[in-house]
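These notes concern the structure reproduced below.
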Amino acid sequence: MKIESRLAQIGSQEDPATGAVSFPVYQATAFRHPKLGQSTGFDYARTKSPTRAVLEEAAAKLESGDRGFACSSGMAALQTIFALFKQGDHLIVSLDLYGGTYRLLEKIMSRFGVTASYVDTNDLDALETLRTPSTRAVLIETPTNPLMMITDIAAVASWAKAHGLLTIVDNTLLTPYLQRPIELGADIVIHSATKYLGGHNDVLAGLIVTKGQALSDEMAFLHNSIGAVLGPQDSWLLMRGMKTLALRMERHEFNSVKLAEWLDEHPAVESVYHPALPAHPGHDVQKRQASGSTGIFSFRMKDARTIEPILRHLRLIAFAESLGGVESLLTYPAVQTHADIPEEIRRKVGVDDRLLRFSVGIEHIDDLIEDLGQAIEAAGAEIGGERA
Ligand SMILES: *Cc1c(COP(=O)(O)O)cnc(C)c1O
């Protein structure tokens with residue numbers, strides 16, 4: 001069955017007792033046992049809960065994995081994954097990383113003796129240089145946010161496999177609708193489902209999908225033992241959002257490509273980072289391993305003084321953190337999402353004070369271009385009369 005059909009049908013045929021097309025919210029945390037030694041398959045909701053189980057099964061299938069685990073946030077999912085590692089273990093991680101993941105590694109995992117090195121994960125020589133006998137895994141974000149750096153997942157996964165390392169891919173930006181890392185050789189996929197999977201800026205959730213029996217069993221043990229699981233209401237809300245994922249991603253992509261092309265021609269803009277633009281260095285790899293682009297891209301203004309007035313003059317597009325929802329949001333990474341990353345690293349990758357990150361929503365493209373256009377125009381007028 002095609003992925004569009006599977007998405008639309010999530011949970012729709014899972015409740016034979018009533019035939020409910022929208023799978024019910026089972027709020028129960030305890031489940032009656034028929035008799036000693038017997039179970040309905042449900043004992044206690046942290047271990048397994050009916051509404052969450054339908055979501056987890058769907059996630060595993062969508063990502064072509066063996067098991068899915070729903071967590072209370074993307075960070076909870078990452079923390080659960082990082083519990084695979086022990087004191088002395090070393091990870092190799094994408095350079096232009098989600099700020100919260102960097103914080104978790106540097107401020108928390110470091111206390112437990114787990115260390116990380118940050119590198120452009122597309123550079124296999126650099127990966128090999130960083131590898132030590134203690135290295136256990138490589139964690140990739142592709143595309144990265146905000147700089148849209150693309151990593152060849154199959155190349156890294158086969159390198160990792162040859163050295164006995166796990167490949168973990170944060171697939172938040174593309175979703176299984178556009179990219180399925182396990183099919184390319186990854187062992188673990190993680191999602192901030194708060195973003196595109198939920199899609200409406202109204203549910204905080206994380207998902208883990210594992211490939212392989214031993215790894216799946218270990219993750220089930222960690223998920224239950226740590227307990228950062230997703231509640232039934234939020235599991236339901238997430239499935240409700242995922243049903244329309246295919247339609248939403250199509251519109252996000254259409255709008256983001258149009259806006260990127262428009263900004264690329266704008267005299268006030270220095271550069272645009274969008275993998276759909278042929279000049280983007282990751283264009284060919286992304287085209288090969290993903291079936292499309294996401295709604296996220298970044299652009300750098302020529303003049304840093306325009307940033308503050310642009311954000312102030314926006315009317316339709318919201319100046320806000322987060323990404324992946326139906327509403328367009330513009331973020332200033334240097335002071336918002338990436339504030340926890342030291343300035344030295346930020347500058348090295350290019351997250352400077354002229355960079356803006358767009359999470360393009362599903363509004364009409366004409367309205368988005370008009371709003372951003374008037375904001376840039378007004379900013380230009382403010383900083384000194386000349387065009388910004
Ligand atoms: C948002 C995000 C996270 C963290 O997820 P939360 O749901 O906010 O905890 C992790 N990785 C990426 C790429 C993200 O965008």
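Please read these numbers as outputs of a predicted model, since none were measured by experiment. In listed order, ligands and their atoms are each counted from 1.
Other residues sharing a hydrophobic cluster with Phe42 under the 4.5 Å side-chain heavy-atom criterion for ILVMFWY residues are Phe31.
Residues satisfying the side-chain contact (heavy atoms from CB on, under 4.5 Å) test with Thr175, not counting sequence neighbours, are Tyr177, Tyr196, Leu197, Leu245, Met249. Remark: Asn122 engages Asp120, Thr151, Asp152 in a side-chain contact (heavy atoms from CB on, under 4.5 Å) (not counting sequence neighbours).
Without hydrogens or angle criteria, Glu56 side chain to Ala70 main chain gives a donor-acceptor distance under 3.5 Å.
Below 30°, between 30° and 60°, or above 60°: for His266 and Trp262 the angle between ring planes is above 60°, a perpendicular geometry.
Using a 4.0 Å heavy-atom criterion, the residues that approach ligand 1 are Ser73, Gly74, Met75, Tyr98, Asp170, Thr172, Ser192, Thr194, Lys195, Leu204, Ala205.
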Criterion ring pair (Phe, Tyr, Trp, His ring centres under 6.0 Å) on Tyr273 and Phe297, from CA distance to verdict: CA-CA 6 Å; Tyr273 298 83; Phe297 74 96; 9.8 Å; no

